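Sequence positions, counted from 1, serve as the residue numbers for this chain. Computed from a predicted model, the values in this text were never measured in an experiment. All ligand and atom numbering here is 1-based and tracks the order in the structure.
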Amino acid sequence: MMKSVNMEEEISMLKVGLVGAGGMGAVHAAALAGMRGAKLVGVVDAREEAARRLVEQAGVAHYTSLDELVSAENPNLIDICLPTDLHKEYAVRAAELGKHVFCEKPMARSSEEAQAMVEACRKAGVKLMIGHVLRFSPEYRTAKQMVEDGRLGRVGTVRMIREGAAPGWSAWFGDNKRSGGVLLDLAIHDMDWLRWTFGEAERVYAKLAGTEQGLPGEHAVVSIRMKSGVIAHITGSWAQPDGFRTFLELAGTGGVAKFDSADTYSIKTTLRGEERLTHQLESPLEPDGYFHELQHFIDCIASGTEPSVNGEDAAQSLELALAAIRSAETGQVVFLS
Ligand SMILES: NC(=O)c1ccc[n+]([C@@H]2O[C@H](COP(=O)([O-])OP(=O)(O)OC[C@H]3O[C@@H](n4cnc5c(N)ncnc54)[C@H](O)[C@@H]3O)[C@@H](O)[C@H]2O)c1
């Protein structure tokens with residue numbers, strides 16, 4: 001019997017089980033709604049009202065445990081949008097059940113947990129990807145490309161800012177044992193981009209201001225020397241009264257490039273030999289990094305290729321953030337091994 005095109009499409013659709021229907025769960029569910037080759041089939045959340053919102057929108061069922069979701073829907077992959085300290089438990093269980101794992105950043109709360117996730121996925125022969133979204137955000141991708149194309153010459157310094165109000169929508173962010181505070185939860189975005197663009201870090205020095213226990217008001221300044229010699233300065237802040245802003249400045253022998261989310265253009269470059277500023281506009285109608293990262297993982301599963309932010313890679317970004325935390329705690333420079 002000839003299958004109809006719709007049936008073919010339906011069969012090739014990867015089934016996604018979402019665990020965690022909070023802030024990021026909603027973002028992922030919205031991204032999955034427009035995705036090629038995948039569909040959401042069920043949602044797990046301990047809070048019924050959070051799950052209800054998503055399941056009604058997507059027309060799928062709510063389950064109270066991962067095992068229940070897996071036995072009812074037999075998904076191909078599990079998308080984990082839980083508080084950070086729960087990532088390991090759910091990623092390992094999903095792998096044991098033979099499911100590919102997409103997990104929000106930061107990968108885990110400790111190196112040991114990250115290693116357990118890598119090991120469980122390796123043993124089960126499933127793929128693991130961590131949601132380091134800057135690698136899929138148009139402005140940060142363009143900035144990396146400018147570095148690789150040599151448009152800025154030899155880059156010497158990088159300044160990055162990620163600042164906003166404390167994430168007051170969930171209490172667990174305020175418990176450093178669960179979230180790792182602003183260094184692990186927020187500044188890790190910029191640390192991962194630095195590693196992706198310039199290679200590994202050599203040493204890190206960090207200072208935390210604000211409260212001792214994370215929320216509200218934790219504010220961090222981090223200085224990193226990369227093995228390549230690039231010096232980076234990151235500000236990560238939950239101490240702003242409101243809003244959210246990101247900033248990136250790259251300075252090299254060929255000129256300076258800046259991106260500020262508060263500006264109307266996306267990247268402004270002042271290159272030697274060019275008399276005017278270059279504005280590169282990205283359309284706000286373009287899909288965002290959350291869409292692109294999930295689409296990338298779906299495509300990797302379908303094609304059998306390795307995701308660009310696999311577990312081993314993301315574990316290195318976790319190491320850097322944990323080293324920054326150790327530096328802030330001890331007041332010492334921490335060397336990466
Ligand atoms: N990539 C990004 O830009 C970005 C932004 C924000 C948060 N995050 C990360 O995403 C993850 C989730 O953050 P969030 O803002 O969505 O948090 P959240 O608190 O809004 O959502 C977490 C959800 O998990 C549910 N939950 C908690 N324990 C559970 C359990 N044992 N079983 C089932 N459900 C449970 C909660 O009810 C809640 O709905 C965190 O690791 C965070 O660091 C990433």
Side-chain angles (χ1 to χ4, degrees), residues 17-32 42-55 57 62-70 78-94 101-110 113-114 117 129-137 139-140 160 162-193 196 214-215 218 236 238 244-246 261 288-294 296-297 309 314 317-318 321-322 325:
L18 179 65
V19 189
M24 286 318 291
V27 170
H28 285 216
L32 285 165
V43 177
V44 175
D45 198 288
R47 285 183 307 136
E48 175 131 25
E49 73 279 9
R52 195 179 321 119
R53 200 166 22 97
L54 293 195
V55 298
Q57 276 166 10
H62 169 223
Y63 298 95
T64 49
S65 77
L66 176 58
D67 282 54
E68 202 190 319
L69 166 86
V70 168
I78 298 298
D79 179 359
I80 300 172
C81 294
L82 291 169
T84 303
D85 60 320
L86 298 174
H87 290 181
K88 179 224 144 192
E89 176 190 338
Y90 280 79
V92 168
R93 184 65 188 142
V101 179
F102 185 96
C103 181
E104 259 303 339
K105 57 43 70 183
M107 182 172 181
R109 186 60 190 83
S110 71
E113 289 176 355
M117 290 164 73
M129 175 166 165
I130 308 300
H132 278 296
V133 68
L134 293 200
R135 300 195 194 193
F136 298 87
S137 300
E139 294 83 0
Y140 286 86
M160 304 181 86
R162 194 160 300 274
E163 61 183 12
W169 59 89
S170 280
W172 68 268
F173 281 104
D175 180 352
N176 274 11
K177 287 196 207 70
R178 302 196 67 191
S179 72
V182 78
L183 282 167
L184 187 60
D185 194 76
L186 199 61
I188 196 169
H189 281 292
D190 301 292
M191 295 178 194
D192 180 73
W193 185 87
W196 186 49
L215 295 177
E218 204 173 55
W238 280 340
F244 188 71
R245 173 178 168 247
T246 61
S261 64
D288 61 13
Y290 300 112
F291 177 91
H292 288 305
E293 65 179 3
L294 282 164
H296 172 73
F297 193 50
V309 201
S317 296
L318 175 65
L322 293 173
I325 291 173

Closest non-hydrogen contact found for Leu183 with Ala321 is O-CB, 4.1 Å

Which atom names give the shortest non-hydrogen contact between Ile325 and Gly180, and what distance separates them?
-> CD1-O, 3.6 Å

Could you please provide the protein residues found below 4.0 Å of ligand 1 on a heavy-atom basis, arranged by chain and number?
-> Gly20, Ala21, Gly22, Gly23, Met24, Asp45, Ala46, Arg47, Cys81, Leu82, Pro83, Thr84, Leu86, His87, Tyr90, Glu104, Lys105, Pro106, Trp169, Ser170, Trp172, Phe173, Asp185, His189, Tyr290

Check ring pair (Phe, Tyr, Trp, His ring centres under 6.0 Å) between His292 and all other residues, then give those that pass, not counting sequence neighbours.
-> none

Can we say Asp85 and Lys177 salt-bridge, meaning some charged N sits less than 4.0 Å from an Asp/Glu carboxylate O?
-> no

Residues that His28 engages under side-chain hydrogen bond (donor to acceptor under 3.5 Å, both in side chains), provided they are two or more places apart |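 Result, side-chain hydrogen bond (donor to acceptor under 3.5 Å, both in side chains) vs His28: Asp79, Glu104.
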
What residues, two or more places apart in sequence or in another chain, satisfy side-chain hydrogen bond (donor to acceptor under 3.5 Å, both in side chains) together with Glu89?
-> none

